[in-house]
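Data block below; observations after.
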Amino acid sequence: MIFSRRVDKPTILDQAVVAMRPALIAAMVFSFFINILALVSPLYMLQVYDRVLSSRNVSTLVVLTLICIFLFLIYGALEALRTQVLVRGGLKFDAMARDPIFKSVLDSTLNKRGSGAQAFRDMDSVREFMTGGLIAFCDAPWTPVFIIVSWMLHPFFGVLALIASIITFGLAIMNDRATNKPVQLATMASIAAQQDAGATLRQAEVLKAMGMWGGLQARWRVRRDEQVAWQAASSDAGGAVMSGIKVFRQIVQTLILGGGAYLAIKGEISPGSMIAGSILVGRALAPIEGAIGQWKGFIGARGSWDRLQAMLRAEADGADHMDLPEPRGILSAEAASIIPPGAKAPTMRQASFRIDAGAAVAIVGPSSAGKSSLLRGIVGVWPCAAGVIRLDGYDLRQWDPEKLGRHIGYLPQDIELFSGTVAQNIARFGEFEANDVIEAAKMAGVHEMIQALPDGYDTAIGEGGASLSGGHRQRLALARALFRQPALIVLDEPNASLDQVGEAALTQAMAKLKAAGRTVVFATHKVNILSQADYIMVINQGVISDFGEREVMLAK
Ligand SMILES: Nc1ncnc2c1ncn2[C@@H]1O[C@H](COP(=O)(O)OP(=O)(O)OP(=O)(O)O)[C@@H](O)[C@H]1O
């Protein structure tokens with residue numbers, strides 16, 4: 001593919017381009033006929049000047065004109081078809097690549113490597129180039145054909161077309177050299193500025209309340225200025241080359257007509273050949289000029305392609321996961337060490353334990369001890385840097401992440417709900433039966449609260465659950481964790497923002513889960529919820545310092 005310089009295993013992008021190949025081949029075939037039909041205009045000129053004008057034969061003129069119009073209509077239809085074929089190919093490309101790219105963006109965000117939503121813009125830029133800008137490149141191979149036809153008309157036209165093409169091509173390379181670096185730097189600065197603005201605006205309330213926007217705006221402005229400066233630099237450089245090309249084009253046009261007139265005076269060519277030669281040389285240069293016009297899009301798409309490929313390779317899962325049997329909820333760890341993405345030192349070291357299915361384990365310890373780190377390791381969002389964590393004896397990495405997710409209920413400390421209805425949020429945005437949703441809500445003690453909402457379970461809760469109180473958000477997130485009672489339920493400080501009613505519901509839910517044989521692991525700072533634990537694990541400074549039955553541990 002035009003963008004790739006690859007030796008590695010093909011990614012989904014490479015495969016999507018292969019799937020698009022028939023469309024690209026069809027576009028090349030259409031280009032063949034389009035470029036053949038481009039000869040109609042010079043031929044018409046030749047005939048009109050050399051035959052019709054000298055013979056004064058009006059009927060020939062009418063026939064020629066009708067044929068010409070007919071061929072132009074075909075030309076137009078073929079151009080439209082070529083665009084359509086490429087657009088359909090682009091849709092196929094998108095349909096193949098979008099899901100793996102979404103998954104890859106998710107992983108790269110988790111691993112703190114990602115450029116987030118930029119990947120989707122990159123995907124658009126690649127697709128748009130392949131369905132639009134590429135057309136100019138499809139015509140490029142026809143330049144030699146037009147040079148040869150010009151040559152056949154008279155060597156003067158051929159030589160001129162050849163020299164002009166070489167010079168225009170040289171200018172195209174200059175254009176690439178001059179604009180490549182600024183375009184790339186402008187794109188990088190734009191990504192940084194957008195990420196910065198996105199992260200800042202998400203905290204709009206804090207910014208407003210504490211008058212913090214000035215400093216953050218200044219930081220964003222620096223990045224924005226950098227982006228705009230590089231864009232200006234690329235436009236300056238590209239603009240200078242483009243003006244050079246335009247002037248050069250005018251000079252070539254004048255030379256053709258002037259030279260052609262001279263040859264006509266000398267009787268070497270007819271006046272018709274002079275006009276036809278001018279059209280042909282223009283046609284030989286058009287694809288190169290077109291390619292230069294699309295160059296910025298090409299560089300952008302090439303950068304996007306490289307970024308997407310790098311992301312897909314960095315996040316490549318590699319393994320095909322065998323379907324594993326439904327887990328019972330036996331959780332074990334063997335010398336598991338967990339390092340937060342992007343950090344260097346482990347925040348949980350050498351954790352070893354075994355928890356039987358149906359047991360409830362409370363994890364306690366001071367702030368920053370590593371409780372959340374261990375829970376993230378247990379649900380598989382932070383992979384083990386050393387050692388292993390297993391569910392029913394299988395290393396978490398052996399599970400297909402999506403299938404594993406169905407067997408896990410996770411309530412993180414920072415609750416994120418998503419824009420959608422209450423029911424969709426509880427059902428994790430998958431297919432659901434109303435009964436399952438209501439049961440989860442009842443277990444989390446949130447059923448009555450949902451009933452009281454304006455549209456009940458169909459109430460739209462806004463971005464991040466913005467229309468709910470902190471306690472309700474936490475209980476809704478608990479219902480989501482309990483949805484269809486997964487085998488392993490991991491709760492990070494589930495009672496942090498609960499009132500007494502909420503706490504009572506949580507205690508009841510835990511009792512039910514245990515009775516149903518589900519494994520529950522929860523971190524807490526509060527003692528009252530410990531009554532539901534069968535075991536207590538104490539964590540201090542990133543290591544498990546004690547682990548045992550609740551009664552024994554409480555007696556210590
Ligand atoms: N994303 C992260 N990147 C780097 N370090 C992190 C990250 N998250 C947590 N840490 C560090 O890991 C250590 C343990 O944090 P963790 O959140 O696991 O503790 P905790 O016991 O759950 O604390 P708390 O009770 O306050 O929630 C802390 O020193 C913290 O600074």
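By convention here, the first residue in the shown sequence is residue 1. Atoms within each ligand, like the ligands themselves, are counted from 1 in listed order.
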* To do: Applying side chain to side chain contact (heavy atoms under 4.5 Å, CB included), name anything that partners A343, two or more places apart in sequence or on another chain.
  => I339, P340
* Structure fact -> Contact region, P340 to ligand 1, non-hydrogen atoms below 4.0 Å, reads side chain
* Structure fact -> One should read off an interatomic distance between L331 CG and F353 CZ, to the nearest 0.5 angstrom, of 5.0 Å
* Structure fact -> Here the atoms of ligand 1 under 4.0 Å from any heavy atom belonging to E493 are 25 (O), 27 (O)
* Asked: Salt bridge check: are R390 and D395 linked by an N-O gap of less than 4.0 Å?
  -> no
* To do: Enumerate the atoms of ligand 1 whose separation from the nearest heavy atom of P366 is less than 4.0 angstrom.
  => 21 (O)
* Structure fact -> Counting from 1 in the order shown, the ligand 1 atoms closer than 4.0 Å to a non-hydrogen atom of A369 are 19 (O), 20 (P), 21 (O)
* Looking at the rings of F483 and F432, which for Trp means the six-membered one, are their centres under 6.0 Å apart? -> no
* **Proximal ligand 1 atoms for T347, defined as those under 4.0 Å from one of its heavy atoms** => 11 (C), 12 (O), 13 (C)
* Gap separating the CG atom of L374 from the CD1 atom of I338, nearest 0.5 angstrom -> 5.5 Å
* Which option out of G377, S373, P341 puts a heavy atom nearest to atom 16 (P) of ligand 1? -> S373
* Asked: Does an N or O anywhere in S372 fall below 3.5 Å from an N or O of ligand 1?
  -> yes
* Asked: Hey, which atoms in ligand 1 end up nearer than 4.0 Å to a heavy atom of H525?
  -> 25 (O)
* Asked: Who pairs with Y457 by ring-ring contact (aromatic ring centres under 6.0 Å, His included), at least two apart in sequence or on another chain?
  -> H447
* Distance-only, no hydrogens or angles: does the T519 side chain make a donor-acceptor pair with backbone N or O of G329 under 3.5 Å? -> yes
* Structure fact -> Contact region, Q413 to ligand 1, non-hydrogen atoms below 4.0 Å, reads side chain
* Can G365 be said to touch ligand 1, with heavy atoms closer than 4.0 Å? -> no
